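Since the structure is predicted, the reported quantities are computational estimates derived from the model, not experimental observations. Read the numbers this way: they start at 1 and go in the same order the structure lists the ligands and their atoms.
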Amino acid sequence: MLTVNVDLAAHAYPIHIGNHLLDRTELFAPHLMGSTVALITNATIEPLYAARLRSTLAPLGKRLIQIVLPDGEAHKHWETLNFIFTKLLTERADRKTTLIALGGGVVGDITGFAAACYMRGVPFIQVPTTLLAQVDSSVGGKTGINHPLGKNMLGAFHQPQAVIADTAVLRTLPARELAAGLAEIIKAGAIADAVFFDWIETHIDALNRGDETATIEAVRRSCEIKAQVVAADEREQGRRALLNFGHTFGHAIEVGLGYGRWLHGEAVGCGMVMAAALSQQLGLIDSATRTRLKRLIAAAHLPTQAPILGSDRYLDLMRVDKKTEAEQINCILLKRLGEAFVMRVPDHTLRAVLTASTQS
Ligand code: NAD
Ligand code: MG
């Protein structure tokens, strides 16, 4: 097992990464304060892993409330959150009750938000079960739900007591979901660590196969990078924006095609190829660097060819991304592999890249 320590102003907490951590009572024990635990999961994950986690917790003698949510992003909304509150109140969960999120980013985001709100805040533990959740959504303290008028528009910053990432559970993950997680791993290397980027290139086949050692190492380094960026900028005022590399284009693809057609990680993978093209257009990187990034994304079984939406539509969608300010499009660009920065890019430059990206 490897541990990454997240060091934040308010509190520090560990991310444990390894195989079969779901069975290790001693990893959960230090983080469960009161007499009650609420295990929150979804209908897909419950039959796969909930019984195992329940028996891991059994020796601790806590009263256990289990809450099973319907599966899917479509349920990451107010009604599901209220369903959690109703269940917690009916079962008389108190202020010391620890919520445990067992699932992907959807379960993690909604459980974290429930923990931030319930009785003005209760502790929670993340047990991420998708690669994306292990390397991205469970780290950083952003929690929330969707509103019909916008994704992730309601939420809170609420840090977990611990993240327990059992890489063995990834074996049941569908291949597309695994690739989507790899996109965020590649992103971490591209924006912050050239040596890690090289390492991913060398180990991409092992990662595609779900090789244990390679997966643990990739999760560790990605968490470390995200934790460092977040620790430097907990409330998203500066450096944290770099984590959005590939996301402005990706967001346009996700919304332009209609949510759910491409997975978030697929859109981000293609978005990174587009951001690399833009970086080259601006003379920041050479074509060899751009090709390396594109090859790696293709090797991770992610799309590299941007869907045709039309430049006007792309620009519209990129502008309404909540991460951009009013009439400007701030783009995350590469200075080189391992270093990114934010720059405001004029529309005509973006148009040229959008036209080329949707053709070549
Ligand atoms: P997800 O939670 O929808 O999981 C994907 C699918 O895999 C689901 O059907 C799920 O039931 C299933 N699944 C999960 N674990 C499994 C396993 N071990 N075996 C088999 N099936 C399994 O999707 P996700 O990609 O994990 O998360 C996406 C969500 O995360 C989005 O809502 C996004 O907004 C959010 N997110 C949040 C942050 C953050 O900082 N809070 C960052 C990135 C993404
Ligand atoms: Mg992302």
Side-chain angles (χ1 to χ4, degrees), residues 22 40-50 52-53 68-77 80 101-113 116 124 126-147 150-160 163 165-188 191 210 215 222-223 226-227 229-230 234 236 240-251 253-254 259-260 262-269 271-272 302 321-323 332:
L22 220 49
I40 304 180
T41 187
N42 77 21
T44 305
I45 298 150
E46 198 279 334
L48 292 170
Y49 301 112
R52 256 177 71 198
L53 186 50
V68 182
L69 312 176
D71 187 2
E73 183 75 37
H75 300 282
K76 189 177 147 181
H77 56 29
T80 311
L102 174 68
V106 169
V107 170
D109 275 14
I110 199 165
T111 301
F113 191 33
F124 84 115
Q126 293 267 22
V127 185
T129 62
T130 63
L131 186 57
L132 182 122
Q134 294 189 351
V135 300
D136 189 356
S137 65
S138 68
V139 189
K142 281 192 190 176
T143 71
I145 56 171
N146 302 327
H147 184 278
K151 202 168 175 269
N152 293 325
M153 284 294 150
L154 308 167
F157 285 99
H158 192 53
Q159 303 291 344
V163 179
D166 183 341
T167 41
V169 306
L170 302 177
R171 285 192 200 126
T172 52
L173 198 63
R176 266 183 85 186
E177 298 287 351
L178 191 83
L182 286 173
E184 300 286 1
I185 292 174
I186 295 169
K187 178 197 77 182
I191 63 166
T215 304
S222 304
C223 285
K226 181 158 183 189
V229 173
V230 170
E234 214 175 317
E236 194 156 37
R240 195 165 177 159
L242 301 183
L243 296 169
N244 290 327
F245 178 59
H247 282 61
T248 309
F249 290 108
H251 171 85
I253 294 174
E254 277 185 280
Y259 273 117
W262 283 24
L263 295 177
H264 172 75
E266 293 172 333
V268 168
M272 287 191 283
L302 291 160
D321 181 346
K322 68 175 185 291
K323 283 147 194 148
I332 323 290

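Rounded to the nearest 0.5 Å, atoms OH (Tyr259) and CD (Glu254) are 5.5 Å apart.
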> After noting the C-alpha distance and the side-chain angles of Glu184 and His247, does the key distance pass the side-chain contact (heavy atoms from CB on, under 4.5 Å) rule?
Replying inline: CA-CA 10 Å; Glu184 300 286 1; His247 282 61; 3.3 Å; yes

>> The test is side-chain contact (heavy atoms from CB on, under 4.5 Å); show your working for Asn42 and Val106 and say whether it passes.
In response: CA-CA 9 Å; Asn42 77 21; Val106 169; over 6 Å; no

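With a heavy-atom cut-off of 4.0 Å, Asp71 touches ligand 1 through its side chain alone.
Inclusion of Asp136 in the first shell of the Mg ion (ligand 2) is not supported: no N, O or S atom falls under 2.8 Å.
In this structure, Lys226 counts as a contact residue of ligand 1, since one of its heavy atoms falls inside 4.0 Å of the ligand. Between Lys151 and ligand 1 there is a heavy-atom distance shorter than 4.0 Å. Heavy atoms of Leu170 stay at 4.0 angstrom or farther from ligand 1.
Inside a 4.0 Å radius of atom 12 (C) of ligand 1 there is not any protein heavy atom.
Side-chain contact check for Thr143 and Asp109: no donor-acceptor pair (N or O, by modelled atom type) lies under 3.5 Å.
One finds an angle of 100° at the Mg ion (ligand 2) between NE2 on His247 and OE2 on Glu184, to the nearest 10 degrees.
Distances from the Mg ion (ligand 2) to each N, O or S atom of His264 single out NE2 as the nearest.
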